[in-house]
Participant: 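Let me give you the structure first, and then I'll get to my questions.
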Amino acid sequence: EDARQVLDKAIASLLASGQQINTNLRSIPGPETYSEGKRMAFYRNVAIRNYLISKGVAKGDIESKVLGHDKRDPNDPDGRVVIELLRTAP
């Protein structure tokens with residue numbers, strides 16, 4: 001399974017249970033220059049946010065952050081977005 005399939009299953013399961021999904025997105029820049037890295041991290045964050053909205057997650061339940069280069073793992077050559085799905089009572 002790829003990441004999208006895993007994410008789709010998790011969202012579908014939470015939505016089917018009637019639970020609200022609070023979502024935290026944290027974008028971590030890649031090895032680009034500071035400005036380019038932040039911009040690319042922002043674009044990745046927006047793409048994931050829009051995808052979550054298209055799957056039924058409410059806009060107001062998504063918190064997005066673009067982290068600085070100081071949060072980047074030097075052993076990780078690519079930028080990434082960390083997605084945290086949090087359940088709350090209906």
Participant: Specify the closest pair of heavy atoms between Pro29 and Gly68, including all atoms of both residues, with the distance to one decimal.
Facilitator: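 So the minimum-distance heavy-atom pair works out to CD-O, 3.8 Å.
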Participant: Do Val6 and Asp8 have side chains that get closer than 4.5 Å, going by heavy atoms?
Facilitator: no
Participant: With rounding to the nearest 0.5 angstrom, report the CG to CD1 distance, Leu52 to Ile21.
Facilitator: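 These two atoms lie 8.5 Å from each other.
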Participant: Hey, are Lys38 and Glu36 close enough for a salt bridge, meaning a charged N less than 4.0 Å from a carboxylate O?
Facilitator: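 Glu36 and Lys38: not salt-bridged.
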Participant: Please check: side-chain N/O of Ser27 versus main-chain N/O of Val66, any donor-acceptor pairing under 3.5 Å?
Facilitator: no
Participant: Cluster question for you: counting only ILVMFWY and a side-chain heavy-atom cut-off of under 4.5 Å, with indirect links fine, are Ile83 and Leu15 together?
Facilitator: yes
Participant: Return the OG1 to CZ distance between Thr33 and Arg39, rounded to the nearest 0.5 Å.
Facilitator: 8.5 Å
Participant: With Arg4 as the cation and Tyr51 as the aromatic partner, state whether NZ or CZ is under 6.0 Å from the six-membered ring centre and within 45° of the axis.
Facilitator: yes
Participant: I'd like to know whether Thr23 forms a side-chain contact (heavy atoms from CB on, under 4.5 Å) with Leu86, so could you lay out the CA-CA distance, the side-chain angles of the two residues, the decisive distance to 0.1 Å, and finally the verdict.
Facilitator: CA-CA 6 Å; Thr23 307; Leu86 307 168; over 6 Å; no
Participant: Identify whether Val81 and Val46 are in the same connected component of the hydrophobic contact network (ILVMFWY, side-chain heavy atoms under 4.5 Å).
Facilitator: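 No: no chain of side-chain contacts under 4.5 Å links Val81 to Val46.
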Participant: Distance from Arg80 atom CZ to Arg26 atom CZ, nearest 0.5 Å?
Facilitator: 9.5 Å
Participant: Find the distance between CG (Leu85) and CG (Leu14) and round it off to the nearest 0.5 Å.
Facilitator: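 It comes to 6.5 Å.
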Participant: State the CD1-OG distance between Ile11 and Ser13, to the nearest 0.5 angstrom.
Facilitator: 10.5 Å
Participant: Does the pair Asn45 and Ser64 meet the rule for a side chain to side chain donor-acceptor pair (under 3.5 Å), with working shown?
Facilitator: CA-CA 7 Å; Asn45 197 302; Ser64 300; 3.0 Å; yes
Participant: Once you round to the nearest 0.5 Å, how far does CG of Leu25 lie from CD1 of Ile62?
Facilitator: 6.5 Å
